[in-house]
Amino acid sequence: MKTYAIIGNQYEGLYTQPWATVQKYTQTKPAPKYKGFTSKAEAQAWFDLQQTAQSLDSHKYETLYSGAIKAQSDRYYIFTDGGSRNTGNHAGGHVQTTDKAAWAIAIYHGSDLTTPVYTASEAYFGRTNNDMEVLALLNALIQANKVNEPITIVSDSKYVLDTATNWMYNWQRAGWQKASGPIANLESWQKVYDLIQPITERLAFIWVKGHATSPGNIKVDELLNIAMDQL
């Protein structure tokens, strides 16, 4: 019997009614996650997994337009950013082999979000902005796995945060595939997935507005531009 699972709104649960009936339960704000299964057991397993994920900070992110982070004394904060100066930044344009791109991270500890305890950056030719954003996250996670304290990763890229907290788990369950076509930066996302698993219970994410009021975000933007200048 076809079973539908819904999670994330007032109608969350399992349903065996026809899709024409169940569909209206999915058309709410906030929009829920939902999926159809060929058996109730499969639907229940997916539903239980989604419930567990919802309780983890690593499966969601906080939005801070002001950039004002209430820092905790026992936590590391890793700011990430990626950028490019490429000719593909306009409709119909493509990245050229001579275009510059870079990623950067800056790590802070405790309440001091002005003096980083560690920074890193790297520049390349012929890489995309999104590629650099993912590499910044990847390098942040490598550093995060070296400590035992809680970690918050701060990014201005919703592409990165939406994927790291949500989309990549769907891709992984589907064998690293998606219905709409190839997954961009697939190899990097697979590494990101693997690096998150050991720290998932002490990892959180924050989105801040880029190049605005967050000193850490401004710092990583400066670092990646210096890296491109030195390329």
Side-chain angles (χ1 to χ4, degrees), residues 61 67 76-108 113-146 151-169 171-172 176-178 180-197 199 203 205-231:
Y61 60 88
Y76 281 95
Y77 295 86
I78 309 180
F79 288 78
T80 73
D81 199 12
S84 62
R85 300 171 182 168
N86 66 63
T87 53
N89 284 336
H90 61 272
H94 299 282
V95 175
Q96 304 297 315
T97 56
T98 54
D99 293 336
K100 295 181 178 182
W103 61 265
I105 64 172
I107 303 178
Y108 301 79
L113 296 183
T114 59
T115 308
V117 298
Y118 175 87
T119 63
S121 59
E122 192 167 359
Y124 308 83
F125 285 109
R127 307 284 284 269
T128 68
N129 183 84
N130 281 350
D131 186 5
M132 295 298 97
E133 293 279 13
V134 183
L135 279 182
L137 173 62
L138 179 57
N139 281 276
L141 290 167
I142 290 172
Q143 298 303 318
N145 273 271
K146 295 180 180 180
I151 305 111
T152 294
I153 292 178
V154 187
S155 171
D156 62 13
S157 169
K158 290 198 173 182
Y159 161 69
V160 159
L161 294 177
D162 284 335
T163 306
T165 61
N166 185 5
W167 300 339
M168 74 172 184
Y169 293 98
W171 300 341
Q172 189 271 339
W176 289 104
Q177 299 179 53
K178 65 176 183 177
S180 59
I183 298 170
N185 307 306
L186 173 59
E187 184 176 341
S188 291
W189 282 118
Q190 289 173 321
K191 292 177 181 177
V192 165
Y193 179 89
D194 290 340
L195 286 166
I196 284 179
Q197 302 319 299
I199 61 173
L203 177 65
F205 293 97
I206 290 175
W207 177 87
V208 294
K209 184 175 176 60
H211 319 147
T213 57
S214 169
N217 179 261
I218 292 170
K219 179 65 176 178
V220 286
D221 181 64
E222 291 174 351
L223 289 171
L224 69 85
N225 276 288
I226 290 171
M228 284 191 280
D229 289 340
Q230 296 175 344
L231 191 62

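The shown structure was predicted, so the numbers you read here are calculated from the model rather than taken from an experiment. All values below come from the heavy atoms of this structure, side chains included, with hydrogens, waters and symmetry mates left out.
Here the OG1-CZ distance, from Thr119 to Phe79, works out to 13.5 Å after rounding to the nearest 0.5 Å. Put simply, CG on Leu138 and OG1 on Thr80 are 11.0 Å apart, with the number rounded to the nearest 0.5 Å. In this structure, Leu141 CG and Ile78 CD1 are separated by 7.5 Å, a value rounded to the nearest 0.5 Å. For the atom pair Lys219 NZ and Tyr108 OH, the distance stands at 6.5 Å (nearest 0.5 Å). Here OG1 of Thr98 is found 13.0 Å from CZ of Arg85. Values are rounded to the nearest 0.5 Å. To the nearest 0.5 angstrom, Asn185 atom CG is 6.5 Å from Asn130 atom CG.
Counting all heavy atoms, side chain and backbone alike, Ser155 lies closest to Glu133 at OG-OE1, 4.4 Å. Looking at every heavy atom in both residues, Pro116 comes nearest to Ala106 through CB-CB, 4.3 Å. Between Asn139 and Leu135, the shortest heavy-atom distance links the atoms ND2-O, 2.8 Å. Taking every heavy atom of both residues into account, Ile183 and Lys178 meet most closely at CG1-CG, 3.9 Å. Shown here for Leu186 and Trp176, the closest heavy-atom pair between the two residues is CD1-CE3, 3.7 Å. Across Met228 and Ser84, no two heavy atoms sit closer than the pair SD-CA, 4.3 Å.
Under the 6.0 Å cut-off for aromatic ring centres, Trp171 and Tyr193 do not qualify, their centroids lying 6.0 Å or more apart.
With 3.5 Å as the limit, one finds no donor-acceptor pair spanning the side chains of Tyr159 and Asn129.
Under a 3.5 Å cut-off, the side chain of Asn217 and the backbone N or O of His211 do form a donor-acceptor pair. Put simply, the side chain of Asn145 gets close to the backbone of Leu195: a donor and an acceptor are under 3.5 Å apart. Under the 3.5 Å distance criterion, the side-chain polar atoms of Trp103 are left unmatched by any main-chain donor or acceptor of Ser121.
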*Between Leu224 and Met132, is a side chain to side chain contact (heavy atoms under 4.5 Å, CB included) present by the stated rule, with each step listed?*
CA-CA 10 Å; Leu224 69 85; Met132 295 298 97; over 6 Å; no
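At least one side-chain heavy atom of Phe205 sits less than 4.5 Å from a side-chain heavy atom of Leu137.
Surrounding NZ of Lys209 are at most 12 heavy atoms belonging to other residues, nucleotides or ligands under 6.0 Å away. Taking a 6.0 Å sphere around CD of Gln172, one finds it holds more than 12 heavy atoms contributed by other residues, nucleotides or ligands.
Residue Tyr61 forms a side-chain contact (heavy atoms from CB on, under 4.5 Å) with just one option from Leu161, Val154, Val160, Ile153, and that option is Leu161.
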